[in-house]
Structure formats: structure tokens, C-alpha cells
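What follows is one structure encoded as C-alpha cells, with my remarks underneath.
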Amino acid sequence: MANVTLSGLKKSFGAVHIIPDLDLEIADKEFVVLVGPSGCGKTTALRMIAGLEESSGGTIRIGDRDVTSLRPGLRNVAMVFQNYALYPHMNVAANIGYGMKARGEKPEAIQKAVAKAARIVALDKLLERRPKELSGGQRQRVAIARALVRDPDVFLFDEPLSNLDAKLRVEMRTEIRKLHRELQATMVYVTHDQVEAMTLADRVVVMNGGRIEQAADPLTLYTRPANVFVAGFIGAPSMNFVTVKAANGPDGPMIRLPEGALVSPPAAFHAALRSRLDQPLIMGIRPEHVVPCSDNPPLRLMIENIETLGSHRLLIGTVEGAPFTAQVPSGNTAKEGQMAALSPDPQNLHLFDATTTLSLLGQA
């Protein structure tokens, strides 16, 4: 079993606490992505799993082994770095097999392992080339193949696609996901790109300030964010937030928008709203969940900028002084400097406590 268990993991640099107390269980064969803004502690956590960074407290277990104090070479993990870390004077085959050669393994075993790894990542026809003769995507494949020949318990990826262009990133995401399906290996992947996280992971761990804000499958993060931070971080463009109040309606609790319009929220929020009548709340609505309307619009967006993206347009501006983005069809004729009349989809509203910023779901 190659499950990874972090228990009370801590990391401090002097008086600065990068990771105050981290608990995370990664199941055998699971693909987990750590995601969050720069400085949230995701790369530090990965480096502590690898043994490249010493922990300040807590334990790290891989399978049934406590590896907290073991040096990297004894942990049986393989790490794929952001900058590839290839030897420029060696060809692809030598780069892939270097670790095995350094450990004194037999040439026949090295050749067999290199050939197998190269075949898996489609490099078998490029084994004689040097890194300078490869594209960025091919260099990243060499780094992955080098990790494969170690036959590790856990694969660790530290923002491996950040140096690639947009098209190559999409291609390599597909390749890495395919690799996980084929190997059925435990993989822990770090990125700041939430789209990358959502498309790759079995489970996404959203971090902020060294703490886990929410850990769930991608769809759950999108449809049921635990708090305002997760709601705003997951999704592109990010979720809009508007200050609202709960109000009584003829058929149950309603949401009163800034200009006074009433919107019926999803039934799942009713119990929580009944105890919060006239209290300020934060309503979240994603750009793709608002539609243009004409009569008595619940929301009025002052358009400051428009981005035309082919299949749709993004109207960017403010609602009652708060930043707001609406995604509308490409045929929409709105112009900068105009007021856009919008209506939120009531079934896709998100509601959060204004003080704790936690979702009202489960807080009746």
C-alpha cells in the first residue's frame, strides 16, 4: 500500500509559520492535487513528503512506514520538478537511467527499464537526442520517465507544466492523466493553476495560509464550496460576490438583492435562512450563471470592459460598487460604459455567512 498520511505536519522558518498544522490522508492509487495561491504552503508540503525539506513537527507516513526522519533516497518517492533538472551533456537514455546507474544496477536492467519507461511516455524514438534537441513537452516526458524507472511508491509533481505554453500544457495534462490510469500509482501534484487541478485530480486539496480550506472531488468544489475563499478560487472567471439579506417570502425564505429585488434561493438553504432573517449574507454567483434580462432586472452591471472569447463574451464591471463579471452569448450587443440588466439563476446561488465566510449549507 502506498497511501500517504500527514499528521500534524508543521513547517516554520524562525518565527514564520508556513504550515501551522496539516492533516491529510492520501489513499493508495489516488491522484491528489494541492492547489492554492503563491505562498500557501503547497510546495513546502510536497518537499517535506519528498524529504527535501525538514519538517518542524508532525509525522509523514508512506504505507506502513514512518518516513519523517528518513533522507530522500530511502523514502522510495520520485519527484518531477518544474525545471526538468536534466543533464545537458547526456542523451535521453542516459538521463532516464542515471539514477539506476548511480545506484550500481546492472547495465542490462538499466537498459530494460529505460526502454519500458521511454515507451510509456512515447520517447522510444528519441533516446539518442540531448535535451537541447527536445521540445519543452519532450523534456518533461524525460523527467517523468526518469521518475518511472525508480518504480516508486509515490510520484510527486512540483508544478511540472508551468514552463510550457498553453497548448502543450493541455497535451501534457492529458498525458499525465493517462499515465495515472495506466500505472494505478499514488500521485501528489502541486500547481497554482486551478484549471489544471480540476482536470487532473481525483481529489483537490485547496490550501490557503498553510491550512486546508477544503479537500474534495473537483465537481464538489465547484458546486458546493465550503467557504468564500474556495468559491472565489475555484472557477474561471472567479465567482462574483454580492452582499444581500435574507427575507420572508410568500413561499418561504427569499434573498433580497442590493436594489431590493427578491430571488428565491435553492431549497437546501431554506433552513439556514429562516434563522438569519434581515442579517447580512454573502451571495455568490458564477459568471456563467447569470443571464441578460429586460424587465425589472435584479442586478445592474456597469460595464467597464468587455472580453470577446469566441463562444462567449465577458462583461466586466461592478454591481453596487462590487466587482462583477457576467458571461453572455457571443451575439450579445452590450458596450463598454453601458448598464447591463442581469438576472442570476436561482438554482445556482451560493450563500455564505458574512462573518465566518462559511457556506450556509449544513449550518441550519
Side-chain angles (χ1 to χ4, degrees), residues 4 26 29-50 52-53 77-88 92 95-96 117-123 126 129-150 152 154-208 215 217-219 221-222 233-238 309:
V4 179
I26 299 169
K29 302 177 183 178
E30 188 177 22
F31 196 138
V32 167
V33 176
L34 308 182
V35 68
S38 297
C40 73
K42 57 188 184 296
T43 295
T44 300
L46 191 79
R47 289 176 61 84
M48 285 194 287
I49 295 172
L52 301 176
E53 200 77 64
V77 301
M79 192 157 178
V80 179
F81 294 92
Q82 178 180 353
N83 62 358
Y84 319 136
L86 303 181
Y87 295 104
V92 169
N95 265 285
I96 295 172
R119 188 168 56 253
I120 290 173
V121 297
L123 287 173
L126 304 175
R129 293 191 185 182
R130 285 184 162 78
K132 68 179 181 180
E133 300 171 313
L134 302 175
S135 68
Q138 289 168 338
R139 292 177 193 175
Q140 193 56 272
R141 290 169 192 258
V142 176
I144 293 172
R146 184 177 54 195
L148 286 174
V149 298
R150 290 181 58 91
V154 181
F155 288 89
L156 306 175
F157 294 85
D158 183 15
E159 303 205 38
L161 308 185
S162 60
N163 289 334
L164 305 180
D165 63 39
K167 184 175 183 293
L168 267 178
R169 283 202 299 271
V170 173
E171 293 175 0
M172 285 303 300
R173 285 204 304 262
T174 302
E175 292 299 324
I176 291 173
R177 188 64 183 163
K178 179 182 176 183
L179 183 67
H180 179 253
R181 287 197 301 269
E182 290 179 357
L183 298 178
Q184 288 293 291
T186 305
M187 293 185 175
V188 187
Y189 188 108
V190 159
T191 181
H192 65 278
D193 185 338
Q194 51 95 14
V195 174
E196 202 169 293
M198 298 284 279
T199 54
L200 281 173
D202 296 326
R203 187 161 53 110
V204 179
V205 178
V206 182
M207 295 184 64
N208 183 32
D217 65 272
L219 184 59
L221 288 179
Y222 180 81
F233 190 82
I234 297 297
S238 60
L309 301 173

Can you name the closest pair of heavy atoms from [X] and [Y] and give their distance?
| X | Y | value |
| --- | --- | --- |
| Ala78 | Arg150 | CB-CD, 3.8 Å |
| Leu164 | Gly137 | CD2-N, 3.8 Å |
| Val33 | Ala201 | CG2-CB, 3.4 Å |
| Phe157 | Met187 | CE1-SD, 3.8 Å |
| Ala215 | Val205 | CB-CG2, 4.0 Å |
| Val142 | Leu123 | N-CD1, 3.5 Å |

Among [options], which residue satisfies the side chain to side chain contact (heavy atoms under 4.5 Å, CB included) criterion with [X]?
| X | options | answer |
| --- | --- | --- |
| Val190 | Lys42, Gln82, Met207 | Lys42 |
| Leu148 | Val80, Val121, Ile96 | Val121 |
| Phe155 | Leu183, Ile144, Val77 | Leu183 |

Any sub-3.5 Å donor-acceptor pair from [X]'s side-chain atoms to [Y]'s backbone N or O?
| X | Y | result |
| --- | --- | --- |
| Thr199 | Glu196 | yes |
| Arg47 | Glu53 | no |
| Asn95 | Tyr87 | yes |
| His180 | Ala185 | yes |
| Arg146 | Ala85 | yes |

If you measure from [atom1] on [X] to [atom2] on [Y], what distance do you get to the nearest 0.5 Å?
| X | Y | atom1 | atom2 | result |
| --- | --- | --- | --- | --- |
| Thr191 | Glu159 | OG1 | CD | 5.5 Å |
| Tyr189 | Ile176 | OH | CD1 | 4.5 Å |
| Asp217 | Met198 | CG | CE | 8.5 Å |
| Ile120 | Leu179 | CD1 | CG | 7.0 Å |
| Thr43 | Asp158 | OG1 | CG | 4.5 Å |
| Met79 | Leu52 | CE | CG | 5.5 Å |

Next on the checklist: With a 4.0 Å cut-off on N to O distance, would you call Arg177 and Asp202 a salt bridge?
Outcome noted: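 Salt bridge: yes.
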Checklist entry - Quick one: are Phe233 and Asn208 in side-chain contact, heavy atoms under 4.5 Å? => result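 Contact flag for Phe233/Asn208 side chains = no.
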